[in-house]
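Okay, so here's the structure we're looking at.
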Amino acid sequence: MTKTTQAALLAATILTFSSAAQAQNGFRADIHAGWDHISTHQRTDVGVSGATTREKDDGIVYGGEIGYDHDLGGFTLGAYAGIEGASTKECAEVFTEVETCAKAGRNISLGARIGAKVTPRVLLYAKGGYSNGQVKLDYIDHVTPANSFGLSDETDGYHLGAGVQLDVMSNLYAKLEYVHTDYSDYAIKNGNATITGGVNRDNVVVGVGFRF
């Protein structure tokens with residue numbers, strides 16, 4: 001075997017291992033969209049009157065995520081950050097001709113995930129971490145519109161989830177993921193009206209991403 005042939009084989013071997021490592025290690029970015037299910041419990045007090053409501057509604061969630069994964073052999077360990085928006089809005093009548101509407105605003109997430117390789121191309125993973133969500137509230141008085149108002153608040157929480165990731169090509173992947181988010185309770189006051197409550201949400205999303 002000539003030195004030229006040996007050099008070519010060595011270069012090919014290095015390139016092969018480099019490509020394999022790149023497929024499992026490094027930064028990644030994806031976009032995703034899917035089903036958003038929001039559950040709210042809310043207490044509205046105006047003066048000496050008050051009412052409690054519990055509602056559920058469905059909508060669409062969409063967003064993106066960036067992360068870094070490190071290959072540990074049959075496992076991967078990584079960190080990520082994401083941001084999402086949603087179309088979900090839930091309204092409930094609290095008094096006669098008076099309703100409150102809660103809309104899910106933007107959501108920011110930071111966390112870690114661990115995965116197990118079922119095959120060289122299929123990764124099952126669990127994820128979890130910190131969430132910060134924005135809740136937009138509207139108090140709508142249909143009898144006296146001047147009493148209506150809208151406010152927004154940010155609330156911290158946590159999320160837990162699981163998913164499956166498939167390598168479609170060398171650097172291209174697709175994913176299917178479920179995430180549950182539990183936000184801390186919020187309290188918003190305007191004049192003699194006080195709205196307190198909490199929000200939980202469940203998401204099932206599909207996404208496509210690129211590893212680089």
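Note: hydrogens, waters and symmetry copies are ignored here, and every other heavy atom, side chains too, is used.
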Backbone N or O of D141 within a donor-acceptor pair of the S148 side chain at under 3.5 Å? yes
If Ile, Leu, Val, Met, Phe, Trp and Tyr residues are connected whenever their side-chain heavy atoms lie under 4.5 Å apart, and connections chain through other members, are V199 and L160 in the same group? no
Please round to the nearest 0.5 Å and tell me the distance separating atom CZ of F210 and atom OG of S170. 7.0 Å
CG (D182) and CG (D156) are apart, to the nearest 0.5 Å, by 12.0 Å
Determine whether more than 12 heavy atoms belonging to other residues, nucleotides or ligands lie under 6.0 Å from atom CG of L172. yes
Lys/Arg-Asp/Glu bridge criterion (N-O < 4.0 Å) met for R201, E84: no
Does a side-chain heavy-atom distance below 4.5 Å link Y183 with N107? yes
Check T181 against H159 and note the closest heavy-atom contact, atom names and distance. OG1-CB, 3.6 Å
Among the clusters formed by ILVMFWY side chains lying less than 4.5 Å apart, do V118 and Y178 turn up in the same one? yes
Do you know which two heavy atoms are closest between S39 and K56, and how far apart they sit? OG-CG, 3.8 Å
Is there a side-chain contact between Y125 and T76 (heavy atoms, below 4.5 Å)? no
Would you say K175's side chain and V205's backbone share a donor-acceptor pair under 3.5 angstrom? no
Please check this pair: side chain of S131 against backbone of G157, looking for a donor-acceptor N/O pair closer than 3.5 Å. no
Using the rule that Ile, Leu, Val, Met, Phe, Trp and Tyr join whenever any side-chain heavy atoms are under 4.5 Å apart, tell me whether V168 and V208 fall into a single cluster. no
As a quick check of understanding, evaluate side chain to side chain contact (heavy atoms under 4.5 Å, CB included) for R106 and E154, giving each step before the final call. CA-CA 9 Å; R106 67 104 184 97; E154 293 184 5; 3.0 Å; yes
Looking at D167 and M169, would you say the former's side chain and the latter's main chain have a donor-acceptor pair under 3.5 Å? no
Where A29 and I66 come nearest, the two heavy atoms and their spacing: CB-CG2, 4.0 Å
Please report the shortest heavy-atom distance between A162 and K127, naming the atom on each side. N-CG, 4.5 Å
Which of parallel (below 30°), tilted (30 to 60°) and perpendicular (above 60°) describes F27 and F212? parallel
Please answer: with hydrophobic residues joined when any side-chain heavy atoms are less than 4.5 Å apart, are F75 and L77 in the same cluster? yes
Exactly one of K117, R113, R28 should register a side chain to side chain donor-acceptor pair (under 3.5 Å) with Q165. Which one does? R113
So which atom in D36 and which in A86 form the shortest heavy-atom distance, rounded to 0.1 Å? OD2-CB, 3.5 Å
Atom CD1 of I108 and atom OH of Y130: how far apart are they, to the nearest 0.5 Å? 7.5 Å
Transitive ILVMFWY side-chain link Y62 to I31, under 4.5 Å: no
CG of L124: more than 12 outside heavy atoms within 6.0 angstrom? yes
Give me the atom names and distance for the closest heavy-atom approach of D57 to T88. O-CG2, 3.9 Å
Looking at S87 and G59, would you say the former's side chain and the latter's main chain have a donor-acceptor pair under 3.5 Å? no
To the closest 0.5 Å, what do you measure between CD1 (I83) and CG (L110)? 10.5 Å
